[in-house]
Amino acid sequence: MPVVRALTKVAKKALLTPGCGCQVSAVAVRHVSFSPRQVTNASDASFHSVSFSETDHPKVLITGGLGQLGVGLAKLLRKRFGKNNVILSDIRKPPTHVFHSGPFIYSDILDYKNLREIVVNNRITWVVHYSALLSAVGEANVALARAVNITGLHNILDIAAEHGLRLFVPSTIGAFGPTSPRNPTPDLCVQRPRTIYGVSKVHAELMGEYYHHRYGLDFRCLRYPGIISADSQPGGGTTDYAVQIFHDAVKTGKFECNLKPDTRLPMMYIDDCLRATLEVMEAPAETLSMRTYNINAMSFTPDELAQEVQKQLPDLQITYKIDPVRQAIADSWPMNFDDSNARNDWRWKHDYDLPELVQTMLNFIGSESQVAQVS
Ligand SMILES: NC(=O)c1ccc[n+]([C@@H]2O[C@H](COP(=O)([O-])OP(=O)(O)OC[C@H]3O[C@@H](n4cnc5c(N)ncnc54)[C@H](O)[C@@H]3O)[C@@H](O)[C@H]2O)c1
Ligand SMILES: C[C@@H](O)[C@H](N)C(=O)O
């Protein structure tokens with residue numbers, strides 16, 4: 001069969017040529033790092049692998065770093081790797097204290113060339129990709145959410161693959177939908193979310209895993225629960241009520257909740273979330289049996305959270321005014337998260353349960369409001 005032999009020869013040659021763009025088996029190309037967007041010939045390939053010795057500190061870029069999570073993560077990573085090894089970036093203007101706390105750079109995730117320049121000029125080795133529109137704001141502006149969450153992710157994936165970066169992209173409980181098992185939700189199950197946010201996060205999980213198998217990209221992803229923080233504000237999600245309740249309880253003694261009292265969702269204190277992110281980024285590759293993990297700490301309803309807060313502030317008055325958009329989203333999300341794979345593979349363990357969370361939040365916000373009153 002000379003024709004078959006000739007075709008086989010052509011196919012073999014194509015497989016050995018970087019950047020051929022052929023659909024080849026995942027096993028054949030695993031850990032061969034070449035760029036999906038840029039590499040056109042073999043001579044370019046050498047320029048793509050940034051050497052990063054394990055003994056060096058990584059040089060980290062955080063995108064979308066001025067939101068609820070980025071500033072806290074920068075603080076944690078700077079403590080570990082040094083102030084100048086962690087660059088915060090965003091399209092917003094940083095507050096003065098953030099600007100003076102370490103390197104900050106303007107970066108729009110939709111500007112591919114600028115992103116590439118930042119990575120090259122700063123010899124970036126890790127990217128934590130936080131830019132996103134969250135669930136409620138995403139429903140209010142689907143076109144922008146699609147651009148930032150999907151096109152922005154494509155830019156980051158290509159740059160990370162091209163430059164041999166380790167890439168962290170957070171996913172969320174919002175990557176599941178009403179047909180997923182909800183109590184508990186395992187790592188692997190049906191994922192049919194009904195929000196643009198959820199759809200974009202499932203897309204991110206799948207694209208990251210695909211780039212890992214296809215191009216050897218060191219992609220790592222955690223599905224965060226709703227994150228609760230005292231010194232940073234949430235960016236327009238469905239779980240925001242669980243932050244706002246603390247501020248209103250301390251400042252006014254009243255809280256109007258936009259979810260029904262029995263709406264159960266997985267939640268986590270920010271310190272646990274940021275530590276998990278650092279731990280999974282530092283985990284030896286061989287301990288990771290998967291590239292996308294659920295992580296969890298606790299699960300509660302607005303009523304249960306209010307009762308716990310009332311143990312400290314008995315006069316707190318709670319009323320309910322349901323936001324139908326947020327309620328429909330919450331009703332489609334997991335009530336409880338099964339994170340046993342993270343606990344087994346890289347020894348994930350949370351520190352904060354509901355009582356410690358409430359105590360910590362009230363201490364922080366209470367002391368801040370005392371300082372504000374004095375000054
Ligand atoms: N906070 C949570 O409860 C939670 C839970 C699960 C997953 N996550 C994920 O963690 C990540 C960080 O969350 P967060 O709460 O800090 O979000 P956030 O909404 O508070 O912050 C997002 C940041 O992205 C920036 N941004 C928007 N458009 C951009 C663009 N074009 N280029 C660059 N930056 C842009 C915004 O200015 C903002 O500072 C997100 O990907 C989110 O999906 C968060
Ligand atoms: C859960 C998470 O992804 C975010 N806090 C939201 O509610 O949209």
Side-chain angles (χ1 to χ4, degrees), residues 61-74 88-95 98 104-112 114-115 118 127-141 143-153 155-156 167-176 185 193 195-205 208 221-229 231-244 258-259 263 265-270 272-274 276-277 292 294-297 299 323 325-327 329-330 332-334 337:
L61 175 69
I62 303 174
T63 73
L66 295 183
Q68 187 188 3
L69 306 184
V71 174
L73 185 70
L88 261 181
S89 70
D90 207 299
I91 51 171
R92 293 194 275 150
K93 191 172 165 186
V98 173
F104 177 86
I105 201 163
Y106 172 88
S107 169
D108 182 347
I109 198 68
L110 296 174
D111 186 343
Y112 176 78
N114 175 247
L115 267 176
I118 291 170
V127 170
V128 175
H129 178 50
Y130 269 172
S131 317
L133 263 65
L134 302 194
S135 57
V137 291
E139 289 312 290
N141 194 341
L144 185 62
R146 195 178 64 181
V148 173
N149 297 11
I150 298 179
T151 308
L153 172 90
N155 288 342
I156 272 293
L167 173 62
F168 179 84
V169 180
S171 186
T172 161
I173 49 174
F176 296 94
T185 305
T195 58
I196 185 63
Y197 178 60
V199 169
S200 71
K201 290 295 186 177
V202 177
H203 179 75
E205 294 175 7
C221 174
L222 298 178
R223 295 193 189 104
Y224 295 161
I227 306 302
I228 299 167
S229 57
D231 60 351
S232 58
Q233 290 299 319
T238 304
T239 57
D240 293 8
Y241 89 87
V243 176
Q244 197 57 42
N258 56 21
L259 294 182
T263 309
L265 291 167
M267 301 278 184
M268 180 178 284
Y269 184 56
I270 189 167
D272 277 338
C273 165
L274 302 180
T277 305
T292 301
N294 293 350
I295 51 164
N296 198 22
S299 168
D323 171 351
V325 174
R326 282 182 166 84
Q327 187 64 49
I329 294 173
S332 74
W333 281 2
F337 234 19

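When a residue number appears, it is its place in the shown sequence, counting from 1. Counting convention: from 1, in listed order, for ligands and their atoms alike. All heavy atoms count here, side chains included; hydrogens, waters and symmetry mates do not.
- Looking only at heavy atoms of the protein, atom 41 (O) of ligand 1 is closest to K201 NZ, 2.9 Å.
- The residue R223 has no part lying near ligand 1, judged by heavy-atom distances below 4.0 Å.
- Ligand 1 places these atoms under 4.0 Å from at least one heavy atom of P170: 9 (C), 10 (O), 11 (C), 41 (O).
- Listed by number with element, the atoms of ligand 2 under 4.0 Å from a non-hydrogen atom of Y197 are 2 (C), 3 (O), 8 (O).
- Heavy atoms of I173 found under 4.0 angstrom from ligand 2 belong exclusively to the side chain.
- Checked options I295, L265, N294; the residue passing with P225 is I295 (criterion: side-chain contact (heavy atoms from CB on, under 4.5 Å)).
- Close approach to D108 involves these atoms of ligand 1, each under 4.0 Å from a residue heavy atom: 30 (C), 31 (N), 32 (N).
- Both the backbone and the side chain of Q68 come within contact range of ligand 1, each with a heavy atom under 4.0 Å.
- Which parts of ligand 1 touch T172 is read off a 4.0 Å heavy-atom cut-off, strictly below it: atoms 6 (C), 7 (C).
- Counting only heavy atoms of the protein, atom 12 (C) of ligand 1 lies nearest to Y130 O, 3.5 Å.
- Near S107, meaning under 4.0 Å from one of its heavy atoms, ligand 1 places the atoms 32 (N), 33 (C).
- Which parts of ligand 2 touch T238 is read off a 4.0 Å heavy-atom cut-off, strictly below it: atoms 6 (C), 7 (O), 8 (O).
- At the top of the distance list for atom 43 (O) of ligand 1, counting protein heavy atoms only, stands Y197 OH, 2.6 Å.
- Taking atom 4 (C) of ligand 2 as the reference point, the nearest protein heavy-atom neighbour is T239 OG1, 3.9 Å.
- At the shortest separation from atom 2 (C) of ligand 1 among protein heavy atoms lies I227 CG1, 3.7 Å.
- Heavy-atom proximity to P225, at under 4.0 Å, picks out these atoms of ligand 1: 3 (O), 5 (C), 6 (C).
- Every N/O-N/O distance between Y224 and ligand 2 stays at or above 3.5 Å.
- Among protein heavy atoms, atom 8 (O) of ligand 2 sits closest to S135 OG, 2.6 Å.
- Listed by atom number, the atoms of ligand 2 under 4.0 Å from W333 heavy atoms are 1 (C), 6 (C), 7 (O), 8 (O).
- Annotation: R92 places an N or O atom under 3.5 Å from an N or O atom of ligand 1; distance criterion only.
- Only the side chain of T172 comes within 4.0 Å of ligand 2, counting heavy atoms alone; its backbone N, CA, C and O stay farther away.
- An N or O contact shorter than 3.5 Å is missing between L110 and ligand 1 by distance.
- In terms of protein heavy-atom proximity, atom 28 (N) of ligand 1 is closest to I91 CD1, 3.6 Å.
- Of all protein heavy atoms, the one lying nearest to atom 32 (N) of ligand 1 is I109 N, 2.9 Å.
- Contacts of L69 with ligand 1, taken as heavy-atom pairs under 4.0 Å, involve both backbone and side chain.
- When only non-hydrogen protein atoms are considered, atom 36 (C) of ligand 1 lies nearest to D90 OD1, 3.6 Å.
- The nearest heavy-atom contact from the protein to atom 23 (C) of ligand 1 is G64 O, 3.4 Å.
- Within ligand 1, counting atoms from 1 as listed, the ones closer than 4.0 Å to a heavy atom of S171 are 6 (C), 7 (C).
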